[in-house]
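See below for the structure under consideration.
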Amino acid sequence: MTDTKLEERWPREDREFFSAGLLDWYLAHKRDLPWRRTRDPYRIWVSEIMLQQTRVDTVIPYFLRFVERFPDVTALADAPEEDVLKCWEGLGYYSRARNLQQAAKDVKERYGGVIPNDVEAVAGLKGVGPYTAGAILSIAFGRPEPAVDGNVMRVLSRFFLIDDDVAKPKTRILMEGLARELIPEGEAREFNQALMEHGAMTCTPKSPRCLVCPVMERCAGRLAGRENELPVKSKAKPPRPETRLAALVEGRGAHAGKVLIRQRPAQGLLARMWELPHWPAPEESGASERPRTGTGTRRSGLPAAPPEEAVRDRLRRSLAGAGIAARPGKHWMAAEHTFSHLQWTLQVYLCREEELPLPMAAEARVPYGAAGAAAPGEAPAGEAPEPVLPFEAGPGSSGDSGPHRWIGREEMAGYAFPNVFLKLLNAYFDQREQGETRGQEPE
DNA sequence: AAAGCGGGGAA
DNA sequence: TTCCCAGCTTT
């Protein structure tokens, strides 16, 4: 973008009014946040990674715990990966944690553990894209780099009345060019934070607080009466629904009092996190129906449980395919977990570990399972044998089961779980402690 | 350029 | 409940 072109579209007077107004407002009203009490580039970096896709109030306790546990680049680089993942548990987008640690190892090796004051070096770190690079460089080092996130695009799109689709990469490039020009001399650190703070506190996604806005007099979006239709953003695809059968296997004998968990593969969704074992529900059964309402875990009753016979057989075969001999029992509860691209309905069944394990498990391991492996009275006669499903269907999957473990409540602290499984496990152990199984024994 | 990747807060 | 939010990597 040439300077004349920029001047045409956004006059210097407006730009200077905007920058000065926001900066003054920020210096008077900025929130006291943990990462604003330091200029340590490491802490700025950690905070910016956590703040991707995550709100300030959610991040604060995670940030404090994280920098206490891993106080500097070297401590993070040298920590076991599962410690880092456990510290990130519940925060989501777990690849952020793995990329952050990988980048810490790189900083330790390449730059002696010191985060370099260098645009290319910072931008080259794993997990650091254009926004985060600009944030680190400006906030930690005072460099005049733009840091354009969703807040900034919303603010700029309104004040300068830019109705390009902010979902397009081209629009972000445009905004970065504008944002770079807006930085007042020597004020990058405070101005970039002022932009984001303004988007978070005043120029909010819905119902922007124009009446208290420090730059409202010249806000082109508001003057045009279009503040509520900006920014323009094309809609994302709705998440694809998927029903899955989950097994809460109660251990017997050596595993009494424990339940079975497994670790997910190193690649893809929820990589290396732990979970209850679960498999896709058969399409043709009623099990693939979604509950009409609801998110989160709930007691059995609301989403109608799928037909018990077919489901129990499928579960038993899937468990056997993972080398676990267990008898599926009663439907316990349904839980929902929504990702941005996927919506799981987990139908959770209580199962009991079998005492007679290996021979049967070995036989049932045969992928296109022989009906002869069926436990007494379970396989419906005349039904075509169903394949034992691999651990995770889809491209890039080895099809192998990950490691399994038997754990009690105390051992949960040693494993990182996605929230939905954390809730299910806690609900299960709570219920069992209260002896609240009344009449719900597996058949 | 599009898809994959979690979770929580506001309306 | 439903809707909305959102940066980086990989494909």
Side-chain angles (χ1 to χ4, degrees), chain A residues 45 47-62 85 88-100 102-103 122-136 146-155 157 165-173 175-176 196 199-201 203-209 228-240 242 264-273 275 290-298 302-303 335-344 392 394-397 416-423:
Chain A
W45 177 27
S47 74
E48 288 300 338
I49 298 294
M50 286 189 172
L51 286 164
Q52 294 168 2
Q53 284 85 23
T54 313
R55 299 177 134 72
V56 165
D57 290 340
T58 306
V59 165
I60 288 173
Y62 281 92
L85 210 53
W88 209 271
E89 180 186 75
L91 205 48
Y93 286 106
Y94 300 97
S95 66
R96 290 185 295 173
R98 289 182 293 124
N99 289 337
L100 180 61
Q102 182 56 56
V122 169
L125 295 174
K126 205 86 165 124
V128 175
Y131 161 72
T132 308
I136 295 171
V148 174
D149 68 353
N151 283 315
V152 173
M153 291 211 279
R154 182 172 60 253
V155 169
S157 73
D165 183 353
V166 297
K168 304 279 189 215
K170 279 181 61 178
T171 307
R172 200 204 73 231
I173 303 289
M175 299 269 186
E176 282 170 349
M196 294 186 270
M201 305 302 292
C203 199
T204 49
K206 292 191 191 172
S207 318
R209 300 175 167 88
N228 286 313
E229 42 185 279
L230 293 167
V232 172
K233 172 150 56 172
S234 52
K235 285 204 197 303
K237 282 196 323 188
R240 168 172 55 89
E242 189 177 316
R264 298 183 59 85
Q267 307 292 327
L269 185 69
L270 301 168
R272 273 178 260 189
M273 304 280 287
E275 63 182 4
R290 292 172 51 210
R292 304 177 175 29
T293 60
T295 62
T297 57
R298 61 175 67 249
L302 246 184
E336 264 194 34
H337 196 55
T338 305
F339 308 81
S340 36
H341 60 302
L342 196 59
Q343 177 165 26
W344 280 349
E392 188 66 48
S397 157
F417 298 96
N419 265 355
V420 67
F421 296 106
L422 219 43
K423 287 176 185 166

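It should be emphasised that the depicted structure is a prediction, and the values quoted were computed from it without experimental measurement. Just the heavy atoms: all of them, side chains too, but no hydrogens, waters or symmetry mates, feed the values below.
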Base versus backbone protein contacts along nucleotides 5-11 of chain C [heavy-atom cut-off under 4.0 Å; B, S, -]: SBBSSS-
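- Taking the P atom of each, C/dT11 and B/dG6 are spaced 15 Å apart, rounded to whole Å.
- Close to B/dG7, at under 4.0 Å from its OP1 or OP2, lies a side-chain N or O of A/His337.
- Between A/Asn419 atom CG and B/dG6 atom P there is a gap of 12 Å when expressed in whole angstrom units.
- Under 4.0 angstrom from either OP1 or OP2 of B/dG4 there lies no side-chain N or O belonging to A/His341.
- Ring-plane geometry between A/His337 and A/Trp344 is classed as tilted, the angle between the planes lying from 30 to 60 degrees on a 0 to 90 degree scale.
- Within the 4.5 Å cutoff, side-chain heavy atoms of A/Leu100 are placed close to those of A/Trp45.
- Rounded to an integer number of Å, the gap from CZ of A/Arg240 to C1' of B/dA3 is 11 Å.
- For the pair A/Leu91 CG and B/dC5 P, the interatomic distance rounds to 18 Å; values are reported in whole Å.
- A/Asp57 has its CG atom 13 Å from the P atom of B/dG8, to the nearest Å.
- Two residues are said to be in side-chain contact when any heavy atoms from C-beta on lie closer than 4.5 Å; A/Pro418 and A/Met273 meet this criterion.
- Not one N or O on the side chain of A/Thr58 forms a donor-acceptor pair closer than 3.5 Å with the backbone of A/Thr54.
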